[in-house]
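Every chain is numbered from 1, with letters handed out A, B, ... down the list of sequences.
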Amino acid sequence: MNLLEIEDLSVEVDGKRILDGVDLEIPEGESHVLFGPNGSGKTSILMTILGFPDYKVVSGRIRFDGVDITNMSIDERVKRGMGIAFQRPPAIRGVKLGDIVHNFLKSDAEAMKKEAELCDALKFEKEFLSRDLNRGFSGGEMKKSEILQVLAQKPKFAMLDEPDSGVDIENLAIIGKVINNFLKESSGLLITHVGYILRYVEVDKGHVLIKGEIACSGEPIKILDQILKEGYGWCEKCLQIKGWCKNVNR
Amino acid sequence: MDGVKNVYKLKGGVRMSTDRERVLKVEDKPATLGPDLDIREFTREAKAWSACPVPLLPKDIVLQSLSAGIRADEKDRVGTYFQIDHSVVFQGIQKVFEGKIDLMSTKDAFNKYDWFKDYWWRLVQPDTDKYTALAERNWDHGYFIRVLEGQKVTLPLQSCLFVSKDGLNQNVHNIIILEPEAEAQVITGCVVHPNVQKGLHVGVSEFYLKKGAKLTFTMIHNWSQNFHVRPRTAVLIEDEAKFVNNYICLKPVKSLQMYPVAYCKGVDSKVRFNSILYGGGNSYIDFGAKIVLQGAGSRGEVISNAIASDRAQIYARGLLVGEHSESKAHLECRGLLLSDKALIHAVPELTAKVGGTELSHEAAVGKIGEDQVQYLMARGFSEADARSLIVRGFMDVTIFGLPDELKDGIKRIVDEAVKGAL
Ligand SMILES: Nc1ncnc2c1ncn2[C@@H]1O[C@H](COP(=O)(O)OP(=O)(O)OP(=O)(O)O)[C@@H](O)[C@H]1O
Ligand SMILES: [Mg+2]
């Protein structure tokens, strides 16, 4: 069964079209990766899936776990089992990372232990829990904080927007392994530019987004190799003869 | 800075002042800031309350004062001053601190100490405006706290100024003296009874921190919809002394105008003003802090966080004056607007009178960032919960660097107030 089904999705922000007729299906238990050049609309897809109001769905629909969620509020979607690690989360004065983590972990007795385990797994100092969200966090710390929150939430479906960008080699391994362990038990959609994280994370399928359209889908490592070799120009050509190369080497 | 020279004598309970005439001249002089009030609208008639141990006070009074940080059981408090309307109902310190701390009404202090007059109307001028004049003419006690040389008191002293009668005018004049190397924490709660809607509270406060003294002064205000408040505060900070002022006002008030001033006179003297205000209803709040840097190495900081909801109008001021070439101060003014009908006006001012003084300010006023609300919703919070989390975060007291006990107490008070307000 498909956990996520996106059908002919077109989205506008401030009257500007940023997604154009996107179709995407992610079966239960699978994790997919999304590639695409800067500004192609990758983050926009995640924001739309999660229901951010700036992203106006002008056509199409999104089904999650068998239910049409196209018009649901963000928190309703999250309650249904969606989670996200943002590419660029905002800083919030006075709101502590711990406030969010504790809210997810609920049960007080177990929470402290779980919290410590999660921080341990990510090699993330527990002091960060009492710091204001993202205020003065370094790039890598921000990524860890985002992933920590997703792990505390344990969503059915996790969207991870560039968890590997700006992360050093050692932390990449730490983050990569944690994400892989998590995705083994659930489903997800991962965005990466150069694919470093794919050294650690096994994914089932890859998609390439060009100018708001899915240009191709297929074997993730093969797609990545093509992109690294030929750049996205290869995909753009592909888009021109859409339909022909929708499934690379599958 | 030169206080007005007064000669006071208590003669059969009547206080004489050579400045009485001077004060008479300003009885109708409006304050430079804030709405002008007709003092005759408020009554001076109050029943006399007899002395009473704080835990035996009526339950409603005990409960209400708790909301301003005053503990009737005196747990973790070194001493208590409790004034209702124009009467002192309790004043006392724990036995172990006798001879180390003075705590009594300022009227008693006049009787007890000849030198007390040297601290009276020294930092605040009685002819500043009609409110200081009122406090001079109709003076209703107020607390006197003195911590003797070298005494370091880790638990707080508390003082409650309570108004129990609707329409009342209460004028207190408070003095705090920290002798050299003394350390203390003082919590002052200004509270009205739930039945009190209208009234006028004038509070003159003059604080003296001598060499090496440290005072953390926390004032919590709990007023009501039609109440007017005019504090007049000045603090003198001598060599290596440090003054931390925490001000919290979370309940609606008709009008509040105060602009306390700290004179960092001493070498390496330090001051910090922290404030958290939540203006709801029709509150008109004009508040701020002034710091005058006079000593070599003097340092000052003003941090104010103000929230305006409903139709509240908040003027958040700050003035740093650098008079010494080796001095430094920073002013931070943040405002959060929760309603389109509310207003926050930040007025940060810097005056450098000599080269070398480093003065800076930051001011930011705006609504809750929608990106922040959406972020928290993406973490499963409902929109309302996300907003309240942000508002509470805005009033975060952890940045004030308070001792844990005090911090937790204030945090509880803030959380309660936000829950009630949102
Ligand atoms: N809130 C917004 N307001 C205006 N334009 C937006 C907004 N969100 C996205 N866009 C525009 O939509 C396009 C797609 O942006 P998006 O962030 O989805 O790209 P991306 O593929 O994630 O890029 P990157 O690899 O740089 O993260 C961009 O041109 C961007 O400027
Ligand atoms: Mg992006």
Side-chain angles (χ1 to χ4, degrees), chain A residues 43 46-55 72-106 127 129-136 142 145-146 148-155 157-159 161, chain B residues 248 250 274-278 303-307 332-338 362-402 404 407-408 410-411 414-415 417-418 422:
Chain A
T43 296
L46 301 197
M47 302 307 249
T48 308
I49 293 173
L50 209 58
F52 273 61
D54 286 350
Y55 297 80
M72 277 183 190
S73 67
I74 302 173
D75 55 320
E76 275 178 272
R77 298 180 202 220
V78 170
K79 285 205 181 71
R80 285 172 184 276
M82 288 188 172
I84 187 166
F86 289 96
Q87 181 182 4
R88 272 179 290 110
I92 311 183
R93 186 180 287 279
V95 177
K96 312 295 172 193
L97 173 57
D99 292 343
I100 292 176
V101 172
H102 297 160
N103 188 55
F104 279 136
L105 295 179
K106 303 265 192 286
E127 281 82 81
L129 292 167
S130 49
R131 277 181 58 176
D132 287 4
L133 261 172
N134 301 316
R135 277 192 67 213
M142 218 179 267
S145 144
E146 287 298 300
L148 178 72
Q149 294 177 61
V150 170
L151 294 181
Q153 181 192 359
K154 286 178 109 193
F157 178 68
M159 295 180 273
D161 198 346
Chain B
I248 290 146
L250 306 169
N274 300 312
S275 37
I276 298 180
L277 283 95
Y278 187 105
I303 298 181
S304 67
N305 297 340
I307 298 186
E332 223 171 292
C333 201
R334 283 190 289 272
L336 187 63
L337 268 185
L338 296 185
E362 253 174 81
V365 176
K367 292 191 169 184
I368 292 181
E370 288 307 307
D371 57 334
Q372 301 182 355
V373 175
Q374 289 161 4
Y375 180 87
L376 293 174
M377 288 175 77
R379 300 298 178 221
F381 291 93
S382 69
E383 184 176 341
D385 287 347
R387 286 182 192 279
S388 102
L389 199 58
I390 293 167
V391 170
R392 261 185 291 150
F394 189 83
M395 300 200 281
D396 184 18
V397 294
T398 56
I399 55 165
F400 290 174
L402 303 174
D404 278 348
K407 184 182 75 192
D408 295 344
I410 294 177
K411 196 168 155 48
V414 172
D415 283 352
V418 174
L422 287 178

Review point. Is there a side-chain contact between A:I100 and B:F381, using heavy atoms and a 4.5 Å cut-off?
Key: yes

Review point. For A:F52, what residues pass the ring-ring contact (aromatic ring centres under 6.0 Å, His included) criterion, not counting sequence neighbours?
Key: A:F86

Revision key, fill the gap. Cut-off 4.5 Å, heavy atoms of chain B, and the answer for A:A152 is neither

Write out all chain B-chain A donor-acceptor pairs shorter than 3.5 Å, or none if the list is empty.
{"residue": "B:Q372", "atom": "NE2", "partner": "A:A91", "partner atom": "O", "Å": "3.2"}
{"residue": "B:Y375", "atom": "OH", "partner": "A:E146", "partner atom": "OE2", "Å": "2.5"}
{"residue": "B:Y375", "atom": "OH", "partner": "A:Q149", "partner atom": "OE1", "Å": "3.3"}
{"residue": "B:Y375", "atom": "OH", "partner": "A:Q149", "partner atom": "NE2", "Å": "2.9"}
{"residue": "B:R379", "atom": "NE", "partner": "A:Q149", "partner atom": "OE1", "Å": "2.6"}
{"residue": "B:R379", "atom": "NH1", "partner": "A:I84", "partner atom": "O", "Å": "2.5"}
{"residue": "B:R379", "atom": "NH2", "partner": "A:I84", "partner atom": "O", "Å": "3.3"}
{"residue": "B:R379", "atom": "NH2", "partner": "A:E146", "partner atom": "OE1", "Å": "2.5"}
{"residue": "B:R379", "atom": "NH2", "partner": "A:E146", "partner atom": "OE2", "Å": "3.4"}
{"residue": "B:D396", "atom": "OD2", "partner": "A:K96", "partner atom": "NZ", "Å": "2.9"}

Review point. By a 4.5 Å heavy-atom criterion (distance strictly below it), what part of A:I92 contacts chain B: side chain, backbone, both, or neither?
Key: both

Check your understanding: How far apart are the closest heavy atoms of B:A378 and A:I84, and which atoms are they?
Key -> CB-CG2, 4.2 Å

